[in-house]
There are 2 protein chains.
Amino acid sequence: MQELSGKQGQILEFLRTFIEDKDYPPSIRDIQDGCGISSTSVVDYNLRKLEEKNYIRRDREVSRGIEILGSRGRRPRIVEVPVLGSIAAGQPIPVPTSERWGNDAEDSVAVTEDMIRGRQNVFALRVKGTSMIDDLIDDGDIVFLEPARSANDGDKVAVWLKDRGEVTLKRIYHEGARVRLQPANSTMQPIYTTADNVEVQGRFISSFRPAD
Amino acid sequence: MQELSGKQGQILEFLRTFIEDKDYPPSIRDIQDGCGISSTSVVDYNLRKLEEKNYIRRDREVSRGIEILGSRGRRPRIVEVPVLGSIAAGQPIPVPTSERWGNDAEDSVAVTEDMIRGRQNVFALRVKGTSMIDDLIDDGDIVFLEPARSANDGDKVAVWLKDRGEVTLKRIYHEGARVRLQPANSTMQPIYTTADNVEVQGRFISSFRPAD
DNA sequence: AAGCCTTCCGAACGGATGTTCGCGCAAACT
DNA sequence: AGTTTGCGCGAACATCCGTTCGGAAGGCTT
């Protein structure tokens, strides 16, 4: 990526702020005014240079057909993840059905797509209390889950423990008739229980710990 | 938000895909062709309706002056956070200076602005090993920090412990001549040391635990 | 000096584009 | 039946806007 001249940098910066502000690219004459350039042809000339140097892409003959390339312009896809509620010991998670999905979201969080690995129907829960501290999940954390009713060995899943009346997040291992729930924290002991006592609520994808 | 007619929904959907694809809004005649509409005035009519119903915003007299409103269109600001490296016991963090900033980033992560609370100069580190497990931070986690050389009581900071040759993330409390470093996990014991043994590297903002 | 490249300027051309106006049609209402 | 309202159609208009062209000034090499 070659270096660019003062005017070209100025134009590129103007492009960014204009798009950020208006949500559509400027016309050549917008750039002319915004950068104090005397002629449209100068703008055109420098835009060609920027295109050569691969900072932008232009759709010729199309008004405002300018697209900023590179990390600053190439926006990652954003997905809006509904925060369906809070997860706390003693309350089962309301597993979302596709119909209900989006209706009973009390809130939502915008995240970049790679944070949920491009998975579908992801929902989020706010963690209340420190009951999952042995899974390295603190009060106030946000966990992202994808709907699931079953799980493979080693999957990190949110499970409803019927006898305890409690939801927790553990790695699950089926061992014959019983089920082992292994905390993320290796210093903690696993929970052993029977298969009919656990009910998988969702598969863990990722989690986020916000600022205080 | 009122309901919209079939044609209006079609136009709105076309707007989304067009912008997603090209990164600039379509002209009225683009919409006309894309939706199989016979006249530009029909497009104009329905765009006015969409504007009345608050689905879009138009800049009149401006070509392609269309902006999609609502959660799907209103994109949260994205910031690119440089991942400066890995943090592991036994290695101090390379605190970024504004000059170096952006140069020695081995990688970067795109996050929505609210994840770092709009703070400036934020950088990220990949956590290697389980040495910070008592702070509820696991191997593979990504922590977001802002540069800082000092901290107030109760701040969660990354500190370099000279005698241990180790970096860790704790809440810091100054208690006279000594310093108390309190783990996030309340079941763990705090570390007591002297003020000249600790060196603040950065202030904790948030952390993220990716999928496996 | 001569030639070439880069950058900039002003003007003009022609297509692209938003807007407007008159008209038609059907359903709903008076 | 007459009127209103919502919606669509086609054409025309004025402007917006990307492009092009001739020219000029400065730097660089030969």
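So that the names make sense, note that chain A is the first sequence line, chain B the second, and so on, each numbered from 1.
Between A:D44 atom CG and D:dT19 atom P there is a gap of 6 Å when expressed in whole angstrom units. Spacing between atom CG of B:D33 and atom C1' of C:dA16 amounts to 12 Å, rounded to whole angstrom units.
The base of C:dG18 sits within donor-acceptor range of the side chain of B:R29, with an N or O pair under 3.5 Å. Taking 3.5 Å as the limit, the base of C:dT19 and the side chain of B:T40 contain a donor-acceptor pair of atoms between them.
Residue B:I37 is the one, among B:E61 and B:I37, whose nearest nucleotide of DNA chain D lies closer to the 5' end (criterion: closest heavy atom).
Residue contacts shown for B:S38 are limited to sugar-phosphate atoms, with no base heavy atom under 4.0 Å away. Contacts of B:S39 with the nucleic acid, taken as non-hydrogen atoms under 4.0 Å apart, include base atoms. Among the protein residues, B:S41 comes within range of the nucleic acid bases, having at least one heavy atom under 4.0 Å from a base atom.
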Please walk me through it: do A:D23 and B:R57 pass salt bridge (charged side-chain N to carboxylate O under 4.0 Å, His left out)? CA-CA 10 Å; A:D23 251 35; B:R57 198 178 62 75; over 6 Å; no

Please determine whether side chain to side chain donor-acceptor pair (under 3.5 Å) holds for the pair A:R64 and B:S63, giving the CA-CA distance in whole Å, both sets of side-chain angles, and the decisive distance to 0.1 Å. CA-CA 8 Å; A:R64 301 170 193 273; B:S63 76; 3.0 Å; yes

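Between the side chains of A:D44 and A:S41, no donor-acceptor pair is found at a separation under 3.5 Å. Using modelled atom types and a 3.5 Å distance limit, the side chains of B:T194 and B:N197 yield no donor-acceptor pair.
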